[in-house]
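Below is one structure, written out as structure tokens; comments come after it.
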Amino acid sequence: MHKSIDQINERIRDGTVRVVTAEEMPAIVAELGEEGALKEVDVVTTGTFGAMCSSGAFLNFGHAEPPIRMERIWLNNVEAYGGLAAVDTYIGATQQSDTLEEQYGGAHVIEDLVAGKSVELRASSRGTDCYPRRTINTDLLLENFNQAIMCNPRNAYQRYNAATNSTDRLLRTYMGVLLPHCGNVSFSGAGTLNPLSNDPKLRLIGSGVPIFLCGAQGMVIGEGTQHSPAGGYGTLMVTGNLKEMSQDYLRAATMSGYGVTLYVGLGIPLPVLDLDVVRATAVRDEDITVDVMDYGVPSRNRPALRKVTYAELRSGIVELNGEEVRSSSLSSFRKARQVAEELKHWIERGSMQLALPTRPIDAIKSAKPMHQSQKGPRVLDIMDRKVVSIGENEEIKTAAKKLLKGDTNHLPVINGDNVLVGIVTTFDVSKAVVNPGKAHLVKDIMKTKVITTTADEAVDIAVQKLEQHNISALPVVDSGHHVIAILTAMDLGKLFGGRWLK
Amino acid sequence: MKLLVNFSRKKGGKPIIAQVVRDTGVLINVERAVIDSSEGEALIDVPDDQCRLVSDSMISLGANVRILEHGITVNESECIDCGACISICPREVFSLDPAWKLQLAEEKCVLCGKCIEACPHQALALPL
């Protein structure tokens, strides 16, 4: 059996269409069988509501008198893009306010407009013969714009890896607050309700397909940026009229210590054409797997601790290294349901008809990492190879002499096998001299918890270590934990003027 | 019932909580305390019927006592029921009901405030 899109649209028009949500579909398929479900169900609605940083809106202001060609543009002190002709701009969701920083950003400007609040435009220009005006200030409501078109380069991730943190420090990330020692697992995504997870082969979702976008009827433009369906991480570029959107499905947010983002409600209706659609839309939380990534590793290649399903994540408890760790979501499943339900009502009422893609989206490609023609500075470019170290069984007095002679404030401490076992600073030695207790040897006063770096580590990572631990030097060690150099705050001066390149 | 007790430690730093336990015989559960050289603040839990007794005893020893009737508050118009707070809270105050709506067990809250910065929608606040 096969149904055509025209047959389904005809049922929408005559009010006999049978619409279910993607959450209801697995049970229907289990009860009626695949053939039965194909006969019974015409449309499956999907929905998701979560943080989608790659979002924003094109705005057209109309011309002022005298006219201005706006070059630098701010809306409520949030800078918007000024490289689009005279009176167009793009306001990006994650752009932060010049004054309120992460407390207010582009996402808040968009939400304020949708909520009917007035937003202050401030713009400047160098002035031209045709656009003589140099500055403008005006308060604007959403209705004052000729166009306000949401256009989001990357939305509706098919799934998203969960996050945890193995370090001893609390991390503030775009995956929310991650407690130390893998104290929690944070995840995002609607699982069984996710649009792309219900059409992983991208047979139904493509350019021109009508969607629910923040309460408005929008559409899919095409593949989203970083679209990577090969591994199950497809994305979509979408658009919709901001003037028709609702605050119920569009919310600004701040990930503490990370920045501003926009919560977007997005749903796609899927026409049940054949058995392949039935099978794809029968997907359950149990069938969708993601990795739990360790965000304690500040690298693109974060280690995956294990695989989990959305069912396990949503249960609230994930087992990690033999322990039960609490998991919680950043996206709202309740809101995702509301999106799918609202979309269902639209179709039942006949206010939205379905369409097949005018152009398909690639279903097998993978996103590439950034091509880096120039490597950033590494520790080996600026480290001090003339490192002075001391044996753990040396006397404190010897350490004092070495510090004076070596013109340094840090002495890595090594054992008989030349392996790093500690560090002493001028402060530790001075303290031992002022308060002579039982300490005689370096090992009595050394700090044994040494923060180290390696020669090929990026300087930015080493700098983060210095800042986080409030220290001013890092011993550089090789794979056998032997000290080969030292990196001090002084060495960072070599970065200025590109001297590290030589 | 939860009481927020503030006391000065300037005059010799009397062991106020221990004194009150001895005088009243009420076993006080200290849920959270910040004490430094000059002052202290403790959140204590006492049985409802002995709240007055403990409170009066604390006040007579020079402490300020405030009865806390509420735990953390949720601004319903900002909350989107994501549940980001759930895994952050050390006392399991938050949960999602079968309709995936956020629920609070206010009586478990010790007002530590850890959830406040974890909320992406700034929907959580300490009670006034």
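All chains are named by letter (A, B, ...) in the order of the sequence lines, taking the proteins before the strands, and each is independently numbered beginning at 1.
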| Interface residue of largest heavy-atom contact number with chain B, from Ser329(A), Ser256(A), Gly316(A), under 4.5 Å | Ser329(A)

| field | Side-chain donor or acceptor of Arg326(A) paired with backbone N/O of Ile86(B) under 3.5 Å | value | yes

| Taking Ala51(A), Ser331(A), Ser332(A), Gly50(A) one by one, which has the highest count of heavy-atom pairs under 4.5 Å against chain B? | Ser332(A)

| said: Looking at Leu96(B), is its backbone amide N or carbonyl O close enough to the side chain of Arg334(A) to form a donor-acceptor pair, meaning the two atoms are under 3.5 Å apart? | reply: no

| task | Would you please go through residues 20-27 of chain B and name the residues with a non-hydrogen atom below 4.5 Å from one of chain A, in numerical order? | result | none

| remark: d(Arg251(A) CZ, Ser77(B) OG) to nearest 0.5 Å is 7.0 Å

| Using non-hydrogen atoms only, which part of Tyr263(A) is less than 4.5 Å away from chain B: side chain, backbone, both, or neither? | side chain

| said: So if I apply the side chain to side chain contact (heavy atoms under 4.5 Å, CB included) rule between Ser87(B) and each of Thr164(A), Asn184(A), Val325(A), which one comes out positive? | reply: Asn184(A)

| message | Please report the interatomic distance CG(Leu170(A)) to NZ(Lys114(B)), rounded to the nearest 0.5 Å. | response | 9.5 Å

| Pairs satisfying salt bridge (Lys or Arg N to Asp or Glu O under 4.0 Å), at least one member in residues 58-77 of chain B, at least two apart | Glu76(B)-Lys101(B)

| field | Atom pair CZ (Phe49(A)) and CD1 (Ile80(B)), whose distance is rounded to the nearest 0.5 Å | value | 5.0 Å

| query | Crowded around Arg306(A) CZ? As in, over 12 foreign heavy atoms under 6.0 Å? | reply | yes

| Side chain to side chain, Gln338(A) and Trp100(B), heavy atoms closer than 4.5 Å | no

| query | Which of the residues Lys335(A), Arg337(A), Gln247(A), Gln103(A) is involved in the greatest number of heavy-atom pairs with chain B at under 4.5 angstrom? | reply | Arg337(A)

| query | Which pair of heavy atoms, one from Ala84(B) and one from Leu330(A), lies closest together, and at what distance? | reply | CB-CD2, 3.8 Å

| Part of Leu179(A) within contact of chain B (heavy atom distance under 4.5 Å) | side chain

| Is chain A contacted by the side chain of Glu117(B), its backbone, both, or neither, given a heavy-atom distance below 4.5 Å? | both

| Atom group of Ala336(A) that falls short of 4.5 Å from chain B, counting heavy atoms | neither

| said: Is Phe187(A) in contact with chain B via its backbone, its side chain, both, or neither, using a 4.5 Å heavy-atom distance? | reply: neither

